[in-house]
Amino acid sequence: MAARVVDLRADTVTKPTEAMRAAMAAADVGDDVRDGDPTARRFEAEMAALMGKEAALFVPSGTMANLVSVLTHCDVRGSEVILGDDSHIHLYENGGIATIGGVHPRPVRSNPDGTMDIDRIVAAIRSPDGVIYYPTTRLICLENTHVNSGGRCLSVEYTDKVGEIARSRGLKLHLDGARIFNASVALGVPVDRLVKAADSVSVCLSKGLGAPVGSVIVGSKAFIDKAKFLRKTLGGGMRQVGVLCAAAHVAVRDTVGKLADDHRRAKSLAEGLNKIEQFTVDSASVETNMVFFDIVDSRISSYKLCQILEKRNVLANPRSLKSVRVVLHYHISDSDVQYALTCFEKAVEELLMGDTESEHLADGATKNSYGY
């Protein structure tokens, strides 16, 4: 019998359901680059309608979705994008907007809730008077939910306000909505209303929704027409992509309604971790499927803790020497949460007794500590 594994490293570790696999096997496909793949076209139309936009485009990954979106808006080299200094695009996407697109990032300090102060956004917009000296501001990027803030949600009011600023200055607004359905469920706001102010949105299908591969970009028809060319340039023009879109369709259909369970289990896990004397969790910050907790005992490092947990088949990500991230997804049951909490308690006991031979990672790095 296979050993029980509770993988809390990310919601990217999910496996496709049997319904997804069946849909993939039965998908009606064609050449998406030449004539169009029928399943992909249907799925893109469904996603555009769901998000309240004119058109959509399937791409292999969230990183490509954001890169294509930024480059489509900033099609003149020397353009500048305003984004959070703790945002995924800025930190975890290999600097692609600069190295590939010649787009200059203008980072603004991210707040603990994932927002940027409105006055800081306004102050970061370049004056046309300095055009001979400075990059030209063309785009603002937001992230919802915000991964480095622990899956916090940006409110519809905040997004609308940033959208108003963008429009009044002749700028565009892109929303990195990798987990936008988590935000929609947590806030109780329909997803099309939540993204209404955005000119483009990237939506990841392979995180909380559980599809095996892919993201979609949504926006105006003119925007998506331009984005298709960039997708091809970047190597993302796939052929019988309907096989993947079929699984993505099932993921959206079947999993969105289950995200609230992930959020509930995250709260339960946070409350249990808070009962362990050596940990502290800001329970109020647990809004979706992520829990960040701090270690307040000087004798315990996050790296040693996660090494001991792995021996018990509980996998988690150190964020820093004294901070750990765990992420819930549809493979994690209520029983798994209770098992994980028991393992956390036992790991702490073992570390405090000094019965472990685990060594601190010398360089303070971990192979699992990436942004997604």
Side-chain angles (χ1 to χ4, degrees), residues 11 41-59 62 65-66 69 87-88 113-116 118 140-147 149-167 172-211 214-221 223-224 227 245 247-267 285-290 328-330:
D11 48 8
R41 286 200 301 261
R42 285 194 297 271
F43 178 65
E44 288 167 345
E46 290 169 2
M47 288 301 295
L50 183 60
M51 305 297 289
K53 305 299 182 185
E54 291 179 351
L57 182 67
F58 183 89
V59 296
N66 286 328
S69 297
S87 66
H88 200 281
D113 64 356
T115 63
M116 297 175 281
I118 295 295
I140 302 171
C141 290
L142 298 177
E143 182 181 328
N144 198 10
T145 64
H146 194 277
V147 63
S149 297
R152 301 287 292 273
C153 304
L154 303 188
S155 70
V156 67
E157 294 82 9
Y158 176 80
T159 306
D160 284 352
K161 181 61 177 175
V162 177
E164 289 172 10
I165 291 168
R167 285 191 299 275
K172 299 297 184 180
L173 174 62
H174 172 67
L175 179 61
D176 175 359
R179 297 178 177 87
I180 192 64
F181 284 102
N182 288 90
S184 172
V185 168
L187 295 171
V189 177
V191 69
D192 59 335
R193 177 64 190 89
L194 195 54
V195 305
K196 185 177 181 180
D199 296 285
S200 61
V201 187
S202 61
V203 183
C204 192
L205 305 160
S206 61
K207 295 191 174 68
L209 298 182
S215 288
V216 291
I217 307 165
V218 298
S220 68
K221 185 179 183 305
F223 174 86
I224 294 298
C245 290
H249 168 77
V250 173
V252 174
R253 182 194 71 194
D254 293 353
T255 313
V256 172
K258 300 176 182 178
L259 294 177
D261 289 331
D262 295 342
H263 302 173
R264 175 181 57 77
R265 292 184 181 113
K267 277 284 191 185
S285 71
V286 182
E287 297 179 356
T288 55
N289 64 326
M290 293 185 184
L328 282 291
H329 47 81
Y330 67 68

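This chain uses plain numbering: 1 for the first residue, then up along the sequence. These numbers come from the heavy atoms of this one structure, side chains and all, not from hydrogens, waters or symmetry mates. Computed from a predicted model, the values in this text were never measured in an experiment.
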Rounded to the nearest 0.5 Å, how far does [atom2] of [Y] lie from [atom1] of [X]?
X      : Y      : atom1 : atom2 : value
Asp199 : His174 : CG    : NE2   : 10.5 Å
Asn289 : Asp262 : CG    : CG    : 6.0 Å
Leu154 : Glu143 : CG    : CD    : 8.0 Å
Cys141 : His88  : SG    : NE2   : 13.0 Å
Asp11  : Leu328 : CG    : CG    : 9.0 Å
Ile140 : Leu175 : CD1   : CG    : 12.0 Å

For [Y], is there any backbone N or O sitting under 3.5 Å from a side-chain donor or acceptor partner on [X]?
X      : Y      : value
Ser200 : Val218 : no
Ser69  : Ala65  : yes
Lys196 : Val156 : no
Glu44  : Phe58  : yes
Glu46  : His249 : no
Ser202 : Asn66  : no

Heavy-atom closest contact ([X] atom, [Y] atom, distance):
X      : Y      : value
Asp113 : Ser149 : C-OG, 3.9 Å
Met290 : Ala266 : N-CB, 4.4 Å
Thr288 : Gly150 : OG1-O, 4.5 Å
Ile118 : Val162 : CD1-CG2, 3.8 Å
Ala197 : Thr159 : CB-O, 3.7 Å
Phe181 : Met51  : CZ-SD, 4.2 Å

Side chains of Asn182 and His263: do they bring a donor and an acceptor to under 3.5 Å? yes

Only residue of Arg264, Arg179, Arg152 satisfying salt bridge (Lys or Arg N to Asp or Glu O under 4.0 Å) with Glu287 is Arg152

Are Leu259 and Leu209 close enough that some pair of their side-chain heavy atoms sits under 4.5 Å apart? yes

Evaluation steps, side chain to side chain contact (heavy atoms under 4.5 Å, CB included), between Tyr330 and Asp261: CA-CA 8 Å; Tyr330 67 68; Asp261 289 331; over 6 Å; no

Could Asp160 and Arg167 be called an ion pair, given the rule that one side-chain N must be under 4.0 Å from one carboxylate O? no

Lys161 NZ: over 12 foreign heavy atoms closer than 6.0 Å: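 No - once you tally the heavy atoms of other residues, nucleotides and ligands closer than 6.0 Å, there are 12 at most.
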
